[in-house]
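Notes follow once the structure below has been shown.
The figures here come from the full heavy-atom set of this structure, side chains too, leaving out hydrogens, waters and symmetry mates. Throughout, protein chains are lettered first and strands after them, A, B, ... in sequence-line order, and every chain is numbered starting at 1.
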Amino acid sequence: MMRWLHWRLPKPRRKGPLFLKEVIPIVEDVGIDEAFLDISSIGRASDEIAREIKRRIKEGTDLNCSIGIAPNKLLSKIASDLEKPDGLIIITEEDIEKRIWPLPARKLRGVGPKTEAYLKEMGVKTIGELAALPLERLVEEFGQSYGNYLYEASRGIDESQLVTHWEPKSISRETTFQRDIDNWQLIAKNLVELIQGVVGSMKEENYRGRTVTVKVRFNDFKTYTRAKSLDEFTDSEPEIRRAAFDCLGRFELKKKVRLIGVRISNLEKEGNEDRD
DNA sequence: TCTGGGGTCCTAGGACCC
DNA sequence: TCTGGGGTCCTAGGACCC
């Protein structure tokens, strides 16, 4: 039987996850103030484990934290959210109907403002009401992938595993101007600086990339992207700059610009291909 | 939250190839 | 010459998360 623990500090703290690693070495960090732990193999009662973690965090940081323990990650996170900032909630399979189903659908990870509004139009407010919908209906409304996800999540089903290491898929920088601008020179100057930032990160982490994307948000908050894929992976600033300005040139800069950003994706870790 | 920054994943259409 | 299907890559946009 799987047993997961999710904990969250009341305020973002750099040291949060690091500190917890002393208690349980294998954790999945989610941002800087929360983490998942797989406590399935710890032969102690859930509340005992939770209290011990809370005690140690209190001693180490003088902060309270909220903890949720449940059969999977999805539920443990919802549980820790139920009682903030100093909660301890334990949820079992049997509690799903009583404790999860009355909650707003928005509490499910992956359900944001748009989906929440759409569900309301369908007459669905709670997770339980979502769980009452047949799979076919959900797939029809939301597509295969998301429809299936909602079907399972609303039933408290989540088989995702602990993720302790992942490679970035993209590296980006963006900046919002203090005032909306239409000065092309200034936009270009900012783009160059952002590219320098991205290339700096790439070199630091030893990545090269193939696809350069430039993002522009106008003063009406409409956001557009233009992308260019190169033939070869690169971390060369001039090459990336050429691609980025090619993208920039494909925008109609008729409205004032609020934000400009650059992203490089299609990443490859340098040295991975010419080993052996 | 009249809206910051850095990410992920999904969808959909078009190009191109076999 | 025309038709057709499938696979893959590229591009653009959108929703969502912390």
Exercise. Between A:K269 and A:E205, is there a side-chain N and carboxylate O pair less than 4.0 Å apart?
Worked result: no

Problem set entry | Same apolar cluster (I L V M F W Y, side chains within < 4.5 Å links), A:L82/A:V30 | no

For this session: For A:R242 and A:D246, run salt bridge (Lys or Arg N to Asp or Glu O under 4.0 Å): C-alpha distance rounded to whole Å, both residues' side-chain angles, the deciding distance at 0.1 Å, then the answer.
Result: CA-CA 6 Å; A:R242 264 196 297 280; A:D246 178 288; over 6 Å; no

Problem set entry | Residues touching DNA chain C, which here means a heavy atom under 4.0 Å, drawn from residues 169-188 of chain A | none

Problem set entry | Check ion pair A:K77-A:E34 (N to O, under 4.0 angstrom) | yes

For this session: For A:D95, enumerate each residue passing the salt bridge (Lys or Arg N to Asp or Glu O under 4.0 Å) test, keeping only those at least two apart in sequence or located in another chain.
Result: none

Exercise. With sugar-phosphate meaning primed atoms plus P, OP1 and OP2, does A:R263 contact a base, only sugar-phosphate, or nothing at under 4.0 Å between heavy atoms?
Worked result: nothing

Problem set entry | Salt-bridge criterion met for A:D86 and A:K54 (N-O under 4.0 Å) | yes

For this session: Give A:R210 one of three labels, base, sugar-phosphate or nothing, depending on what nucleic acid heavy atoms sit under 4.0 Å from its own.
Result: sugar-phosphate

Exercise. Between A:E232 and A:R210, is there a salt bridge with N-O shorter than 4.0 Å?
Worked result: no

For this session: Shoot me the first and last contacting nucleotide of DNA chain C against chain A, ordered 5' to 3', at under 4.0 angstrom to non-hydrogen atoms.
Result: C:dC10 to C:dC18

Exercise. Which is true for A:R217 with a 4.0 Å heavy-atom rule: it touches a base, it touches only sugar-phosphate, or it touches nothing?
Worked result: nothing

Exercise. Which of parallel (below 30°), tilted (30 to 60°) and perpendicular (above 60°) describes A:Y149 and A:Y146?
Worked result: parallel

For this session: Return yes if a side-chain donor-acceptor contact under 3.5 Å exists between A:H6 and A:S76, otherwise no.
Result: no

Problem set entry | Nearest-nucleotide 5' precedence on DNA chain B, A:F221 against A:L194 | A:F221

Exercise. So, are A:D235 and A:K203 salt-bridged, with charged N and O less than 4.0 Å apart?
Worked result: yes

For this session: Considering only atom P, compute the distance from C:dA15 to B:dT1 and round it to an integer number of Å.
Result: 16 Å

Exercise. When hydrophobic residues are tied together by side-chain contacts of less than 4.5 Å, even through go-betweens, does A:V214 share a cluster with A:V199?
Worked result: yes

Exercise. Among residues 136-162 of chain A, which contact DNA chain C at a heavy-atom distance under 4.0 Å?
Worked result: none

Exercise. Which residues, if any, of residues 105-112 of chain A bring a heavy atom under 4.0 Å of DNA chain C?
Worked result: A:R106, A:L108, A:R109, A:G110, A:V111, A:G112

Exercise. Do A:R3 and A:S46 have side-chain N/O donor and acceptor atoms under 3.5 Å apart?
Worked result: yes

Exercise. So does A:K125 pair up with A:E129, basic N to acidic O under 4.0 Å?
Worked result: no

For this session: Assess whether atom CD of A:E167 is packed by more than 12 heavy atoms of other residues, nucleotides or ligands within 6.0 Å.
Result: yes

For this session: Quickly, which of A:D220, A:D182, A:D180 forms a salt bridge (Lys or Arg N to Asp or Glu O under 4.0 Å) with A:R258? Name it, please.
Result: A:D180

For this session: Sort by first number and list every stem of DNA chain C: at least 3 consecutive Watson-Crick or G-U wobble pairs, both distances under 3.5 Å.
Result: B:5-18 with C:5-18

